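Here the structure is a predicted model, which means the values were calculated and not measured.
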Amino acid sequence: MPKLRSILFLLLIAGLVWFRYGDDYQQSGVGNVWQEMRSDVQTVKNSPIVSNAMETARVELKRLYRQIRGFAEDHTENTKLPQVESPKLDQPEEQTFSIHNIEIMDTKSTVESQLGDANRSTLNEYGVEWHTYHEQYRNFVMVAYNDDNHVIGLFTNQDLISSTNDISLGTEKSVVNQQLGEPLTAIKKGFVNYQINDNQEQDTYLLEDNYVTIFYDVHQNNTVAAIQIITKNLENKKKEYFASASDGLAEGLEYQLFDLTNAARAKFEKPLLDWHEPSRTTAQEHSQDMADENYFGHTNLEGQSPFDRLENDNIDFRMAGENLATGQPSSIFAHQGLMNSKGHRDNILHNDFRLMSVGVAFNQQAQPFYTEAYLTK
């Protein structure tokens, strides 16, 4: 069979040559045919179209080689997540919900006697800091404290939720509504009622003077995916829907989204991402451009794609992705919204991504624009 294929291939080449040069051969013989062939080859070599096509082919072949080489490297690297023991969860003693056995108004010393020192502390939309605690993003908790070092905010997107009515990670939304009743439809700030719970992806309740927001995973049958608990006093100190814009808040939202993404990846057994500082500027500039020019999209007003922007900033990659969000007042709401959008969720949980950065910018109304960049070198 290989010999027959070779014969057929040679016959095909001979047929093409005869089709192009048969008339020249009949009129002027072999010498003229040879001159015609040399002239055609030279013309092809000098053609800018052909030259560009050959250069494109060379670049693509080089990129393909890097991808093949990287694929082999990826399959030899150790991406297995560390085994971390899960805590035994007790029923809350004072309130409806606890996270990692921590309740609102517990002391910081009590928290850190259980969890150790915070891995990171960053400014949030309430003007206080989220302190993140985790073990390689397992047992992930975010905690906010007041000036007296008492807990006034809690969040987790992992199996650390305990309640007095058997609501936990994975509980169906219908069960939550049955246990807790009708959720709030608005939160009043000053003379304005801000509508909440208008997309069915989360429910907010006022329980024991705390705003408890339960987030659902639409891709897992509308079951509990995460929970945020904020004291009523802290919520009331935030006078507007969007917090005042600042460089500190932008940085806080960026690192929070990075941590939330890795916590989600740990939850779904995906390799953790490393922070990639070079692409952070690319992400920040796109967020700022959207905020300044009042548009929202992956392609900017100059027609540049996310890949164009990375290449223009001399960032090398073999694969990349981008998530965008706007309109959400916090990193938590932005992240949970992205997790419920199929394409964005695919980027967050993509098994082959290895690097991430986030860029946040604000428009004149202090509305944040979030850009997440995902890469593999």
- Task: Applying salt bridge (charged side-chain N to carboxylate O under 4.0 Å, His left out), name anything that partners Asp217, two or more places apart in sequence or on another chain.
- Result: Arg345
- Message: Under the rule for salt bridge (charged side-chain N to carboxylate O under 4.0 Å, His left out), what residues qualify as partners of Lys88, not counting sequence neighbours?
- Response: Asp90
- Message: Just to verify, what does Asp313 make a salt bridge (charged side-chain N to carboxylate O under 4.0 Å, His left out) with, not counting sequence neighbours?
- Response: none
Pairs under 3.5 angstrom only: tabulate donor-acceptor contacts from the side chains of residues 121-128 to other protein residues two or more places apart or in another chain.
residue	atom	partner	partner atom	Å
Ser121	OG	His131	ND1	2.7
Thr122	OG1	Gln256	NE2	3.0
Asn124	OD1	Tyr126	N	2.9
Asn124	OD1	Gly127	N	3.4
Asn124	OD1	Val128	N	3.4
Tyr126	OH	Glu235	OE1	2.6

- ILVMFWY clustering at 4.5 Å (side-chain atoms), partners of Val84: none
- Note on the structure: Tested for side-chain contact (heavy atoms from CB on, under 4.5 Å) against Glu372, the lone hit among Asn347, Leu324, Leu338, Val360 is Leu338
- Do you see a donor-acceptor pair shorter than 3.5 Å between the side chains of Ser98 and Asn101? no
- Considering all heavy atoms, the nearest Ser279-Leu310 contact: CB-CD2, 4.0 Å
- Item | Plane angle bin for Phe353 and His350 - parallel if under 30°, tilted between 30 and 60°, otherwise perpendicular | tilted
- Query: Residues two or more places apart in sequence or in another chain: which of them pass salt bridge (charged side-chain N to carboxylate O under 4.0 Å, His left out) with Glu277?
  - Reply: Arg280
- Message: By the side chain to side chain donor-acceptor pair (under 3.5 Å) test, which pairs, at least two apart or in different chains, include something from residues 142-154?
- Response: Tyr133-Tyr145
- Message: If hydrophobic residues (ILVMFWY) are linked whenever their side-chain heavy atoms come closer than 4.5 Å, directly or via other members, who joins Leu206 in its cluster?
- Response: Leu184, Ile187, Ile196, Tyr211
- Task: Ignoring hydrogens and angles, state whether a donor on the side chain of Thr110 or Thr107 is under 3.5 Å from an acceptor on the partner side chain.
- Result: yes
- Item | Lys/Arg N to Asp/Glu carboxylate O, Lys173 vs Asp203, below 4.0 Å | yes
- Task: In plain terms, say whether Arg309 and Glu285 are close enough for a salt bridge, that is, a side-chain N and a carboxylate O under 4.0 Å apart.
- Result: no
- Of all pairs that satisfy ring pair (Phe, Tyr, Trp, His ring centres under 6.0 Å), the ones with a partner from residues 217-252, not counting sequence neighbours: Tyr194-Tyr241
- Residues in ring-ring contact (aromatic ring centres under 6.0 Å, His included) with Phe333, at least two apart? Phe215
- Could I get the full list of side chain to side chain contact (heavy atoms under 4.5 Å, CB included) partners for Leu207, not counting sequence neighbours? Thr96, Phe97, Leu180, Tyr205, Val212
- Note on the structure: Students should find that the hydrophobic cluster of Val218, defined by side-chain heavy atoms under 4.5 Å apart, otherwise consists of none
